[in-house]
Amino acid sequence: MGELVTETFEYDGGRQVAVYVPADPPEAIVFAGDGQLITQWGADLEQADVPPTMVVGTYRTDDADEMVRIEEYSPSFNEERFAAHERFFVEDVRDWVRSRFGVALPAERTAVCGVSASAELALAMGVRHPDIYGAIFAASPGGGYRPPEDMPSPLPRAYLVAGTQEPWFMENAARWADALRDADADVVITEREGDHGDPFWQAEFPLMASWAFTT
């Protein structure tokens, strides 16, 4: 099995980033928001039919106000806060991974992942940086960030999933799937038995990685 490595950055007075380093040299990499939740799922990939994959999870804010997290993850609310977090996520964290682990993979071997509000982050990062992230994994996306009218071309591939017991989040996922397909993106959308925060997010993660990195 691999190992977990954690680093604290200066951003926001001290923000942690956790990395799942696979046992074998990584052939793919996933950058994620909500890192305290998602990074540990890297161990699940070791048991799946997936190439060795590094998972880099940036922790969410520890601010008790949920809007602070949403403003970091969605460009729709607070442009300055979103832009600061975007620089941290796209530039600082990636530069550190390159220097610390010697890993810098092309877009077709790089995905961005999130759940709920951080699924909005994944969608925003993929749409805004298609040259960096070749695939988007978005589970139960919130509705604050909606598809922009002008999409870049080409777009990353996108894998969306939501639960049968969370119809509002399924609607958000379907809206994005339709918009991305209309912009000629390769899209998978799945509905699973479950509610918001259900373990189906974790169960879907190996399927997402397999789809992105083995097909």
Side-chain angles (χ1 to χ4, degrees), residues 1-6 17-58 93-94 97-98 100-116 118-119 121-123 125-126 129-141 154-164 166 169-170 173-174 176-177 180-181 185-215:
M1 297 295 288
E3 64 171 332
L4 278 173
V5 176
T6 303
V17 175
V19 181
Y20 183 83
V21 183
D24 295 321
E27 298 174 18
I29 187 167
V30 179
F31 290 91
D34 288 332
Q36 58 269 64
L37 174 68
I38 295 174
T39 305
Q40 60 191 327
W41 300 349
D44 298 347
L45 302 183
E46 302 271 20
Q47 311 301 321
D49 184 21
V50 180
T53 300
M54 176 176 284
V55 181
V56 181
T58 302
V93 173
R94 286 177 57 246
V97 168
R98 186 181 299 112
R100 171 68 173 78
F101 301 101
V103 175
L105 294 168
E108 60 266 25
R109 308 301 293 175
T110 304
V112 60
C113 175
V115 299
S116 192
S118 64
L121 173 70
L123 288 159
M125 294 300 95
H129 303 282
D131 57 320
I132 295 173
Y133 309 106
I136 299 166
F137 305 159
S140 307
L155 282 161
R157 306 165 73 202
Y159 190 126
L160 298 110
V161 63
T164 54
E166 49 171 12
F169 293 94
M170 190 68 226
W176 270 100
L180 291 165
R181 281 196 189 109
D186 178 8
V187 178
V188 168
I189 182 168
T190 303
E191 188 173 28
R192 298 293 186 196
E193 183 65 35
D195 201 351
H196 202 66
D198 191 280
F200 79 84
W201 290 344
Q202 182 176 353
E204 201 77 16
F205 189 59
L207 304 179
M208 292 170 159
S210 178
W211 170 82
F213 302 134
T214 63
T215 59

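Just so it is clear, the values below take in all heavy atoms, side chains as well, and ignore hydrogens, waters and symmetry mates.
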Set of side chain to side chain donor-acceptor pair (under 3.5 Å) partners for Y159, sequence neighbours left out: E204
Derivation of the side-chain contact (heavy atoms from CB on, under 4.5 Å) call for F200 and T164: CA-CA 11 Å; F200 79 84; T164 54; over 6 Å; no
Residues which pass side-chain contact (heavy atoms from CB on, under 4.5 Å) with A18, listed by chain and number, not counting sequence neighbours: T6, T39, Y59
A107 to P130 - nearest heavy-atom pair and separation: CB-O, 4.2 Å
Heavy-atom closest pair, residues A139 and A119: O-CB, 3.5 Å
A122: side-chain contact (heavy atoms from CB on, under 4.5 Å) partners, not counting sequence neighbours: V112, I136
Pair R100-V5, side-chain contact (heavy atoms from CB on, under 4.5 Å): steps then yes or no: CA-CA 10 Å; R100 171 68 173 78; V5 176; 3.9 Å; yes
Flag side-chain contact, heavy atom, 4.5 Å: P51 against T214: yes
Residues forming a side chain to side chain donor-acceptor pair (under 3.5 Å) with D131, sequence neighbours excluded: none
Within-4.5 Å side-chain heavy-atom neighbours: F101 and P26: no
Summary of salt bridge (charged side-chain N to carboxylate O under 4.0 Å, His left out) pairs that have at least one residue in residues 18-42, sequence neighbours excluded: D34-R60, D34-R69
Point-to-point distance, once rounded to the nearest 0.5 Å, from CG of L123 to CZ of F137: 12.5 Å
Counterpart residues, side-chain contact (heavy atoms from CB on, under 4.5 Å), relative to A48 (two or more places apart): V50, P206
Partner residues of F169 under the ring-ring contact (aromatic ring centres under 6.0 Å, His included) criterion, sequence neighbours left out: H196
Under 3.5 Å donor-acceptor, R109 side chain and I29 backbone: no
G114 to I38 - nearest heavy-atom pair and separation: CA-CD1, 4.1 Å
Heavy-atom side-chain contact between E108 and R157 under 4.5 Å: no
Heavy-atom closest pair, residues A111 and F213: CB-CZ, 3.9 Å
Under the side chain to side chain donor-acceptor pair (under 3.5 Å) test, residues paired with T190 that sit two or more places apart: none
Residue list, salt bridge (charged side-chain N to carboxylate O under 4.0 Å, His left out) with R98, at least two apart or on another chain: D95
I132 side chain reached by R94 side chain, heavy atoms, under 4.5 Å: yes
Nearest heavy-atom neighbours spanning L121 and G33: CD2-CA, 4.0 Å
With Y20 via ring-ring contact (aromatic ring centres under 6.0 Å, His included) - residues at least two apart: none
Validation row: T110, F31 side chains within 4.5 angstrom (heavy atoms): yes
Residues forming a side-chain contact (heavy atoms from CB on, under 4.5 Å) with R181, sequence neighbours excluded: A177, D178, V187, I189
Pairwise distance CG(L207) to CG(L45) - rounded to 0.5 angstrom: 10.0 Å
S140: side chain to side chain donor-acceptor pair (under 3.5 Å) partners, not counting sequence neighbours: E166, W201
Distance-minimising heavy-atom pair for L180 and A158: CD1-CB, 3.6 Å
